[in-house]
Amino acid sequence: VPYGPYMAASGRSALNLELLARWGFRELTRAQADLLLKRVNDLLASRVGHEASQYLSDPALEQFEAVRLGAGDESSLIKILDAEVPNFRAITERHLGQIGLVMERVAREVKNEMRKEASR
Amino acid sequence: VTNMIDLDAFERLPDNLAASVDSITEAIRDLRVVETPSRRSGSGLAASTAPLAVAIMGDRGTGKTTLLNAVCVTLQEEADEYIVLPIMRPESFGYHDTVISTFLASLYRWVAADATERSFAIEDITRVSRIYASSRTPVRALEASHNPIDFAEDSLSVSRSSVSFLAELAELLRRITSQPLSGRRLIVVPIDDPDLAPELLGTILRDVRTLGSMPGIVPLLCFSTADMQLELLAERRKRYDWLPNSVLNRQIERELDKVFPHKYRYELRPLTVFERAIFVPPGRRGTLGRLVGLFSDSLSGLIDADVDLGAWLRASGYLPGLTSPLPANPRLLVQVWESLNPSNPLPGTRMQVASIIIQRLISLIERPLVLELSEDFSDDSRPLVITEVTDAQGSVVALEAQMAPNNNLRLIISRSKPFLNTRSGETAVQTSRLSGITGDVRRKGTDERVGLSKEAVSAHLALQELAVQLTPMSEQRRLTYLGEDDWRFLQDIRLSGHQTANISFLAPPATTFSDVCDLSDIWNSLVDLNLPIYDFHTYAKAHIALALAYLDSQRALRAQGFEQFEYVELFELALSRYKEVRSRRSGRQDAYCTWFEDHLPLQWHTSLLTEEVIETLAERHLATVMEGFADSRRAGRRRDDFLVYFDRAMRIALRESDAGTPTYLGGYSKVARILGSSYADRFDTVADEWRMHLLGERAGDVIVGASDDPSTSSFAEEATEEGKRLLERAMKALDQMETDD
């Protein structure tokens with residue numbers, strides 16, 4: 001599923017920055033945050049894409065591919081996509097949740113280490 | 001010199017003055033009590049204390065003279081307590097007349113009127129008058145004396161009489177005012193408009209001071225403060241031309257303070273809008289508000305338009321920067337009232353009568369504007385010119401109105417709050433209340449701009465109201481209006497994260513006084529609905545509802561009015577209303593049609609509607625509009641005018657400097673192509689890019705649900721050790737997750 005490009009194009013970085021902040025990554029600079037975000041998005045896209053390909057209907061997958069290659073009817077793709085939103089959302093939320101858990105754990109660990117070093 | 005008061009004429013007093021009469025008479029009653037024996041203990045000069053005089057101040061036409069008359073009538077009814085002398089009018093004073101001589105003459109008449117009761121006083125008054133006269137003997141008269149001894153004696157007696165005059169007068173007053181049973185009487189000396197006799201002003205004030213310092217006398221003056229100040233200043237300038245005006249003005253104020261203590265000053269303020277609406281000249285029937293309504297109705301019938309001048313007297317309030325265009329001053333208001341009064345029939349046909357009334361109204365309304373823009377207007381160039389159109393028989397069949405073409409007035413609006421930063425990637429609309437309006441004008445031949453008063457701005461808009469009712473907007477050479485730029489200023493629209501030129505939601509233009517009032521009210525009520533800023537769809541519906549509310553002269557928008565409809569249903573409603581009103585010539589309907597033809601399609605962006613829906617709407621829209629042009633049912637506009645506003649708004653959105661076309665305009669490609677805009681080709685170049693963008697956003701919407709909190713997350717300003725380590729570890733964790741998959 002050519003999911004990554006669309007997600008990258010969606011320009012939702014501000015919201016995702018908020019997610020990063022919520023996970024505990026406020027100590028990053030904006031540039032570092034963008035870098036990390038890109039990596040999160042890539043991972044998410046590949047995981048969602050991989051799983052979604054098993055759920056999405058064939059016409060939707062065909063449309064997706066056609067649009068990615070620059071052909072195809074965008075408005076009908078949007079319709080199909082809208083119809084299959086529940087699947088998409090469920091998959092995405094699950095993967096995002098998994099990533100979030102890991103990221104929160106990382107942030108907590110790093111901060112604990114730093115605190116220990118400082119008190120030493 | 002003096003006029004007797006016509007009691008009947010003042011039985012009916014304008015409402016706004018009734019309260020003032022009460023408070024002034026009350027003050028004079030207080031004064032009578034203050035004039036206690038302690039003030040009159042002893043006699044002669046010792047008896048005089050600080051002068052007391054009551055002043056009624058106000059601009060020309062605010063009703064000072066009426067008030068003065070009313071106070072005198074009221075006090076006259078209490079003859080046991082007050083001796084009210086006839087009102088003095090200094091402008092009719094002869095060369096030798098002074099306030100004191102007139103006062104003595106009036107007092108003499110009062111005494112002589114009842115010679116049996118008051119005979120004791122006749123002799124006294126005659127003596128005091130003689131003393132006063134001799135005290136004023138000019139030196140030149142004494143020079144006729146036969147020898148130096150005579151001259152010396154004469155001049156001595158003149159100077160003695162000046163001194164004895166005050167003492168004699170005080171004694172005379174004591175005798176006249178004392179009554180055996182009730183307390184002492186007070187002599188009221190009313191003086192009307194001393195500033196109308198500028199050359200005598202100095203003497204008048206001096207005499208008023210003299211009289212005011214006499215126990216038992218209260219001078220009651222009415223004058224226009226500004227005029228009085230000006231005259232006194234002119235007088236001073238002759239003598240002290242080296243002193244700056246500010247010093248002289250301070251001096252004058254001190255002098256006036258001495259004569260008129262602040263406690264006894266009554267300032268008449270201009271009428272409030274509410275008072276203007278309920279204004280009725282004394283003894284007449286029907287409020288001005290009602291007459292304005294009647295006039296609107298009959299004018300509507302005559303010229304086949306919807307005239308409603310009700311907003312000219314909307315008592316509840318105006319947008320800051322506007323006020324009622326009708327005069328605040330009762331004297332002018334009486335003229336407005338009389339002009340509109342249907343029971344004063346004018347000769348001529350209905351059209352001729354309308355012409356006369358409108359001309360009179362114009363001359364009463366235009367004053368503040370002409371006063372402030374005196375350079376632009378003269379006797380033969382008025383801000384609004386009415387031309388009578390006559391038929392072959394020479395009778396007036398129609399009226400045409402043209403606003404002056406040289407007017408450089410611009411309306412500047414202010415908004416109530418700044419816009420928030422929204423999340424990028426969103427489609428969001430933010431609106432702000434219209435919080436005020438100012439008019440500014442470019443001075444002839446310069447780049448200098450000056451602000452106009454709210455009276456002048458309101459007058460201008462009111463004149464435009466008359467103008468567009470008589471001659472359609474499109475035939476006016478130049479009008480001032482709230483339009484595209486103003487609505488754009490009041491909103492911030494992002495389409496999928498793209499900052500736009502805010503052209504999607506333009507309200508109809510507002511050209512007349514009523515239109516500006518109503519539309520700003522409706523606009524603000526829309527803002528007050530607090531629609532969610534990411535709800536583009538509801539916002540679009542609200543905007544159609546706004547135009548419909550405006551057309552129907554409603555003044556507020558309610559969410560129930562449009563929420564239950566689909567966008568397309570509201571469009572159909574707007575379309576059917578358009579068909580109904582397009583043949584009407586009135587200004588507001590014209591504005592609605594302009595909105596429907598050129599501004600409504602600006603909403604049809606692919607962020608809001610799918611391309612299929614846009615295609616259907618645009619085709620129906622075009623067919624309807626063209627149908628009107630084809631059989632010229634659309635009044636006041638031609639085929640060539642179509643898309644003028646549409647293209648003008650689009651041009652703003654294009655980046656002219658680098659000739660680039662912002663991506664979001666691709667969303668207008670469909671509607672521009674169907675309607676035949678000259679920009680359709682340019683939009684096509686970015687249409688594909690926009691489609692991809694929109695698709696991406698739709699996909700993105702699927703991933704992360706929208707959050708309503710637009711707060712921005714703050715990150716570290718500089719790279720830290722902790723940040724570096726966080727990044728490293730997070731990247732490693734993500735890599736790990738990927739390999740686990």
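Just so it is clear, the values below take in all heavy atoms, side chains as well, and ignore hydrogens, waters and symmetry mates. Here is the naming used below: chain letters follow the sequence lines, and residue numbers restart at 1 for every chain.
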Atom CG in A:Leu43, atom CE in B:Met731: separation rounded to 0.5 Å?
11.0 Å
Begin with the C-alpha distance, continue with both residues' side-chain angles, and end with the deciding distance and a verdict on side-chain contact (heavy atoms from CB on, under 4.5 Å) for B:Arg729 and A:Glu113.
CA-CA 12 Å; B:Arg729 289 284 294 275; A:Glu113 283 167 23; 2.9 Å; yes
Would you give the length of the straight line joining atom CD of A:Gln32 to atom NZ of B:Lys724, rounded to the nearest 0.5 angstrom?
9.0 Å
Using a 6.0 Å cut-off, check whether atom CD of B:Glu717 has over 12 heavy atoms from anything other than its own residue.
no
Applying side-chain contact (heavy atoms from CB on, under 4.5 Å) to B:Lys732 and A:Val106, what does each step give before you reach the verdict?
CA-CA 10 Å; B:Lys732 214 179 279 174; A:Val106 167; over 6 Å; no
Max heavy-atom pairs within cutoff under 4.5 Å with chain A, candidates B:Leu726, B:Leu727, B:Asp735, goes to B:Leu726
Which atom names give the shortest non-hydrogen contact between B:Glu718 and A:Thr29, and what distance separates them?
C-CG2, 3.4 Å
Under 4.0 Å between a side-chain nitrogen and a carboxylate oxygen: does that hold for B:Glu738 and A:Arg39?
yes
Quick one: closest heavy-atom pair of A:Val102 and B:Met737, and the distance?
CG2-SD, 3.8 Å
Evaluate the criterion salt bridge (charged side-chain N to carboxylate O under 4.0 Å, His left out) for residue pair A:Glu117 and B:Arg725; output intermediate values, then yes/no.
CA-CA 13 Å; A:Glu117 276 169 31; B:Arg725 225 194 280 185; 2.7 Å; yes
